[in-house]
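Letters A, B, ... mirror the listed sequences (proteins, then strands); counts begin at 1. Remember, predicted model here, so these are calculated numbers, not experimental data.
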2 protein chains.
Amino acid sequence: MSERPAHGWQTVREEVLRRIAEKIWRPGDPIPNEADLAAELGCARATVNRALRSLSDDGLLDRRRKGGTRIARQPVGRATIEIPLIRTAIAERGARYGYRLIERQEAVAPGAVSAALGTAADAAFLHVVSLHLADEAPYALEDRWIVLGTVPEARDEGFEAISANEWLVRHLPFTRAESEFSAVPAAAARSGALDTAPGDALIVHRRRTWLGDKPITQVDMTFAPGHRIRTQQ
Amino acid sequence: MSERPAHGWQTVREEVLRRIAEKIWRPGDPIPNEADLAAELGCARATVNRALRSLSDDGLLDRRRKGGTRIARQPVGRATIEIPLIRTAIAERGARYGYRLIERQEAVAPGAVSAALGTAADAAFLHVVSLHLADEAPYALEDRWIVLGTVPEARDEGFEAISANEWLVRHLPFTRAESEFSAVPAAAARSGALDTAPGDALIVHRRRTWLGDKPITQVDMTFAPGHRIRTQQ
DNA sequence: CAGTGGTCTAGACCACATA
DNA sequence: ATGTGGTCTAGACCACTGT
């Protein structure tokens with residue numbers, strides 16, 4: 001009958017969600033403290049804590065020491081986007097993956113790149129531009145700057161058969177990342193490789209990663225027209 | 001000297017991150033099980049569990065019962081975007097907030113909208129279009145469909161002084177949300193209100209919310225040219 | 001079957017914010 | 001000063017899954 005232990009934290013979570021959905025508890029309302037809820041629901045306080053913490057992480061509750069727990073007045077919207085390997089994303093759509101290297105050269109990065117990553121202005125970078133294809137059609141243009149001081153092994157890789165996207169993911173973990181999404185007109189530099197029509201708008205995902213405090217890379221992934229980025233449920 | 005209890009879960013988390021960053025543990029490597037790690041680090045297994053679970057949530061570890069814990073081969077990128085009230089976002093930039101209602105009428109929603117929300121094809125919606133301004137300049141165009149079956153009180157609100165964005169957030173919590181980002185050319189319908197130049201590209205954030213299993217609304221928030229969506233650190 | 005992570009419990013102490 | 005959430009502990013049982 002019951003899938004979960006009758007008093008598991010997910011059960012508590014669902015009970016709280018139910019009370020919100022049925023307007024037993026309304027935005028701004030205080031809810032009982034953990035000890036009282038635990039007594040009412042017949043479980044340990046730690047279990048209630050786990051459930052309320054998960055709801056608080058989701059932005060549905062506001063919690064303060066001494067102040068207690070309230071239903072959030074503005075349920076903070078949070079959207080979590082999963083960022084797969086491009087090859088994986090294409091394979092999951094059931095399409096054949098293709099890859100083409102466009103440019104690869106050592107260079108000094110533009111000031112904005114080195115500044116954002118926190119390297120010296122004259123630090124050595126590897127600049128790799130490539131195209132990912134799904135069933136022969138352009139899918140995404142990858143424009144990447146790799147910090148050679150952190151990833152010297154990249155010098156020995158030609159990136160002719162494997163994308164920098166994939167090579168990095170295989171060779172180096174990261175512990176911190178920043179993302180930024182914006183829209184650019186198809187007329188922008190390099191987007192010609194994407195087979196766009198004049199007037200198309202493209203979505204760009206810029207990402208920077210670090211390992212500990214050492215910068216690894218910045219990448220601009222520009223997607224073909226019509227691409228959508230969805231949150232996972 | 002130490003900010004946290006010497007054996008808190010954050011300390012364990014940082015120790016694991018350190019071992020990844022210093023390549024003591026490499027992608028794909030198994031790490032000791034929870035009991036062993038707890039003994040090594042001198043804390044309870046539950047504390048180790050808390051730390052490893054948080055790293056697993058961040059995509060840095062792969063955990064499987066019986067299989068043990070490994071450093072992720074592909075640290076799954078996850079970007080979490082916070083979605084503030086538009087008025088709050090503008091105030092945080094230090095700009096003056098302005099609001100203008102463009103259209104408000106009861107209507108049947110396009111099939112794609114009712115289908116995505118899961119309402120009947122002929123369900124009653126309120127269609128509200130409005131403009132948010134920062135220091136008199138257009139900031140975002142809000143195009144919203146409200147499910148009147150779920151939110152009948154919206155019939156009594158003119159949305160002349162308060163945006164639907166804000167009114168909904170004040171009146172109704174939600175328990176589930178979906179987001180989708182895309183790029184559109186400035187030429188697209190209605191974007192004229194955003195003071196765009198020909199050739200501009202705009203980023204659109206489409207969002208749908210539910211309360212329990214009842215659909216609340218779908219909104220397309222189209223931002224002025226140059227807008228960027230950043231992840232929180 | 002056996003080893004691992006997932007979770008629950010009961011109790012305790014602590015940090016913090018508020019009254 | 002006090003009540004609240006945040007966390008740690010030690011122990012236990014369970015669910016899943018690889019062997």
Side-chain angles (χ1 to χ4, degrees), chain A residues 1-17 19-20 25 27-76, chain B residues 1-17 19-20 25 27-76:
Chain A
M1 204 70 76
S2 69
E3 311 160 341
R4 277 191 287 273
H7 303 298
W9 68 269
Q10 307 232 34
T11 309
V12 175
R13 186 189 149 99
E14 275 158 24
E15 173 61 13
V16 173
L17 281 175
R19 293 187 188 185
I20 294 174
W25 290 337
D29 284 356
I31 74 172
N33 68 33
E34 295 186 345
D36 290 349
L37 258 183
E40 179 193 339
L41 301 176
C43 62
R45 180 167 78 99
T47 305
V48 172
N49 178 275
R50 179 89 153 83
L52 298 189
R53 179 159 39 83
S54 102
L55 289 163
S56 172
D57 287 346
D58 289 350
L60 270 81
L61 298 178
D62 281 337
R63 318 197 72 198
R64 305 174 119 177
R65 283 167 161 153
K66 169 80 179 180
T69 301
R70 292 169 176 274
I71 309 299
R73 279 193 189 282
Q74 300 184 194
V76 175
Chain B
M1 207 71 77
S2 69
E3 311 159 338
R4 277 190 287 273
H7 302 299
W9 68 269
Q10 307 232 33
T11 309
V12 175
R13 186 188 149 99
E14 275 159 22
E15 173 61 14
V16 173
L17 281 175
R19 293 186 187 184
I20 295 174
W25 291 337
D29 284 354
I31 75 174
N33 70 31
E34 294 186 347
D36 289 350
L37 258 184
E40 180 194 339
L41 300 176
C43 62
R45 179 165 79 98
T47 306
V48 172
N49 177 274
R50 179 90 152 83
L52 297 190
R53 179 160 37 85
S54 101
L55 288 164
S56 172
D57 287 346
D58 289 350
L60 269 78
L61 298 179
D62 282 336
R63 317 198 72 197
R64 303 176 121 175
R65 283 166 161 154
K66 168 80 180 181
T69 301
R70 292 170 176 273
I71 309 298
R73 280 193 187 280
Q74 300 184 192
V76 175

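- Checked for salt-bridge contact, B:D29 and B:R19 miss the test: no charged N lies under 4.0 Å from a carboxylate O.
- Remark: A:R64 is not in phosphate contact with D:dT4, judged by side-chain N or O atoms under 4.0 Å from OP1 or OP2.
- Here the P atom of nucleotide C:dG5 and the CZ atom of B:R65 are 11 Å apart, to the nearest Å.
- A 4.5 Å side-chain heavy-atom check between B:L37 and B:L52 finds at least one atom pair inside the cut-off.
- Atom CG of B:D62 and atom P of C:dT4 are 17 Å apart (whole Å).
- A:N33 has its CG atom 15 Å from the C1' atom of C:dT18, to the nearest Å.
- B:R45 comes within contact range of at least one nucleobase, with a heavy-atom separation under 4.0 Å.
- Mapping B:I31 and A:C43 onto DNA chain C via the closest heavy atom, the residue that lands nearer the 5' end is B:I31.
- Taking only side-chain atoms of B:E34, from C-beta outward, the nucleotide of C:dG5, D:dT9, D:dC8 with the closest atom is C:dG5.
- In this structure, CG of B:L41 is placed 17 Å from C1' of D:dT7, rounded to the nearest angstrom.
- When each of A:K66 and A:N49 is assigned the nucleotide of DNA chain D with its nearest heavy atom, A:K66 is the one assigned upstream, toward the 5' end.
- Protein atom CZ of A:R13 is 13 Å distant from nucleotide atom P of C:dT7, rounded to whole Å.
- Closest to the side chain of B:R53, out of D:dG18, C:dT7, D:dC16, is C:dT7.
- Across all strands shown, A:G67 has no heavy atoms under 4.0 Å from either base or sugar-phosphate atoms.
- A:L61 is listed as a side-chain neighbour of A:I71, based on a closest heavy-atom distance under 4.5 Å.
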_Does B:R13 form a side-chain hydrogen bond (donor to acceptor under 3.5 Å, both in side chains) with B:S54? I'd like the steps, not just the answer._
CA-CA 8 Å; B:R13 186 188 149 99; B:S54 101; 2.8 Å; yes

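- What separates CD of B:Q10 from P of C:dA15 is a distance of 15 Å, to the nearest Å.
- Distance CG (B:L37) to C1' (C:dG5): 13 Å, rounded to an integer number of Å.
- OP1 or OP2 of C:dT9 sits under 4.0 Å from a side-chain N or O of A:T47.
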Acceptor/donor pairs from residues 41-50 of chain B side chains to any protein atom, 3.5 angstrom cut, sequence neighbours excluded:
{"from": "B:R45", "atom 1": "NH1", "to": "B:E34", "atom 2": "OE1", "distance (Å)": "2.6"}
{"from": "B:N49", "atom 1": "ND2", "to": "B:E34", "atom 2": "OE2", "distance (Å)": "2.8"}

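- Here the nucleotide nearest the side chain of A:R50, chosen from C:dT4, C:dT7, C:dA15, is C:dT7.
- Rounded to an integer number of Å, the gap from CZ of B:R70 to P of D:dG18 is 11 Å.
- Candidate nucleotides D:dG6, C:dT9, C:dT7 were compared by shortest atom distance to the side chain of A:R63, and D:dG6 ranks first.
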